[in-house]
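Take a look at the structure set out below.
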Amino acid sequence: MESEIESVTALWSQEQFTMKSKLIISNTEKWQADRKLNLVGGMDISFCKADSSIAICTLVVCSVSQQLKVVYEDSLHVKLSTPYIPGFLAFREFEPCLSLYTKLTSKHSELIPQVLMFDGNGILHPRGLGLASHFGVCTNTCTIGVAKNLYQMGSILRDENHFSQINSLSAPGDHFFIKNSEGNGGEILGAALKTTQEAKRPVYISIGHRIGLETAIWAVMQCIDRYRIPEPTRQADIRSRQLIRKLEESKNKKVDQYSPKMSFH
DNA sequence: GCGACAG
DNA sequence: ATCTTGTCGC
């Protein structure tokens, strides 16, 4: 019962620990040195409100040189087998993400993104291996974690200054680093980044795999249009959400069709 | 023990 | 994640 979750998370923690040894936290791609970024991928999942195990995963590729226009889109309707457990998001979302990515690489290799962004964290994670890093290591690709909220773990303090630090961010691109509060005395795990002038809250960026933090921050800024969330993940969110709505509508129609309670004569 | 807790 | 209206501003 409760202990079953404990035993599975213990196993998953070991997998995360093992994968962490394969993690690369610096630039390995040529575009990173040249600063010639064009194709950026974004992945997101939307859930059915009535049944959160039913979801639609969407992968989008945007072109930086074409005003962030979406040049590729694909979605997958899935039944997730694992619940959401904080710290283990990857074990719930990895499979559908991988399916979409492998399909893209095999059918449209010319549109393979130079970097892939995820809703969630990279190394800014209790065990240093969030969804973005998990995916990057498993597929040997360059990834970035873009979380809308800060995951507060024992080793990361949202110190008393966090609020004032956020208020000190004044222009798009401004950021401050999120550090580990213990042990290694302040190892940098990510950054709180102000993406637009209007945004009151920052976005939390962290290395996924095969990229340095400063380059990751730069890449995210390259994908900011008018919104707080970078276009790749924002578009993936919009499109997956739209599809989940359509799915719910069709379900309601089926129910109405066979339900006698609405007939009155 | 208590609170916190990406999506 | 999802539940949701109005409101302010360009």
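Here is the naming used below: chain letters follow the sequence lines, and residue numbers restart at 1 for every chain.
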Q: Hey, could you give me each pair passing ring-ring contact (aromatic ring centres under 6.0 Å, His included) that has a residue in residues 33-75 of chain A? Not counting sequence neighbours.
A: A/Y72-A/H108
Q | Any pair counted as ring-ring contact (aromatic ring centres under 6.0 Å, His included), so long as it reaches residues 206-243 of chain A, sequence neighbours left out | A | none
For [X] and [N], what is the distance between atoms [atom1] and [atom2] respectively, to the nearest whole Å?
X: A/I244; N: B/dG7; atom1: CD1; atom2: C1'; answer: 14 Å
X: A/F47; N: B/dG7; atom1: CZ; atom2: P; answer: 11 Å
X: A/I56; N: B/dG7; atom1: CD1; atom2: C1'; answer: 16 Å
X: A/W12; N: B/dA6; atom1: CH2; atom2: P; answer: 16 Å
X: A/Y204; N: B/dC5; atom1: OH; atom2: P; answer: 11 Å
X: A/D119; N: B/dA6; atom1: CG; atom2: P; answer: 12 Å
X: A/F88; N: B/dA6; atom1: CZ; atom2: P; answer: 13 Å
X: A/I45; N: B/dG7; atom1: CD1; atom2: C1'; answer: 8 Å

Q. What distance do A/I25 atom CD1 and A/I207 atom CD1 have between them, rounded to the nearest 0.5 Å?
A. 5.5 Å
Q.
For the CE atom of A/M221 and the CD1 atom of A/I217, what is their distance to the nearest 0.5 Å?
A. 10.0 Å
Under 4.0 Å, heavy atoms only, any strand: does [X] hit a base, just the sugar-phosphate, or nothing?
X: A/L131; answer: base
X: A/F91; answer: nothing
X: A/G87; answer: base

Q) Restricting to pairs with a member in residues 109-119 of chain A, which pass side chain to side chain donor-acceptor pair (under 3.5 Å), not counting sequence neighbours? A) A/D119-A/K148
Q: For DNA chain C, find the residues of residues 223-243 of chain A with a heavy-atom distance under 4.0 Å and give them by number; none if there aren't any.
A: A/R241
Q: Look at A/N149 and B/dG7 and indicate whether a side-chain polar atom (N or O) is within less than 4.0 Å of OP1 or OP2.
A: yes
Q. OP1, OP2 of B/dA6 versus side-chain N and O of A/Y84: anything below 4.0 Å?
A. yes
**Q.** Dot-bracket encoding of pairs in DNA chain B, which uses [ ] for pseudoknotted crossings and | for another strand, Watson-Crick or G-U under 3.5 angstrom
**A.** .......
State which residues pass side-chain hydrogen bond (donor to acceptor under 3.5 Å, both in side chains) with [X]; sequence neighbours excluded, sorted by chain then number.
X: A/K30; result: A/D34
X: A/T58; result: A/S75
X: A/R127; result: A/Q16

Q.
Keeping A/K194 on the side-chain end and A/S170 on the backbone end, is there a donor-acceptor pair under 3.5 Å?
A. no
Q | Validation row: A/K79, A/D51 side chains within 4.5 angstrom (heavy atoms) | A | yes
Q: Considering only heavy atoms of chain A and a distance under 4.0 Å, specify the first and last nucleotide of DNA chain C in 5' to 3' order that meet this criterion.
A: C/dA1 to C/dC3
Q. If Ile, Leu, Val, Met, Phe, Trp and Tyr residues are connected whenever their side-chain heavy atoms lie under 4.5 Å apart, and connections chain through other members, are A/L23 and A/I188 in the same group?
A. yes
Q: Establish, yes or no, whether a centroid distance under 6.0 Å links the rings of A/F176 and A/H162.
A: yes
Q. Taking the side chain of A/K148 as its heavy atoms from C-beta onward, which of B/dG7, B/dA6, B/dA4 lies nearest to it?
A. B/dG7
Q: Treating a pair as Watson-Crick (purine N1 to pyrimidine N3 plus N6-O4 or O6-N4) or G-U wobble (N1-O2 and O6-N3) with both distances under 3.5 Å, list the stems of 3 or more consecutive pairs that involve DNA chain C.
A: none
**Q.** Pairwise salt bridge (Lys or Arg N to Asp or Glu O under 4.0 Å) hits with a residue in residues 231-241 of chain A, at least two apart
**A.** A/E73-A/R239, A/E231-A/R234, A/D237-A/R241
Q: Tell me, please, which residues at least two apart from A/E15 pass side chain to side chain contact (heavy atoms under 4.5 Å, CB included).
A: A/L11, A/W12, A/F91
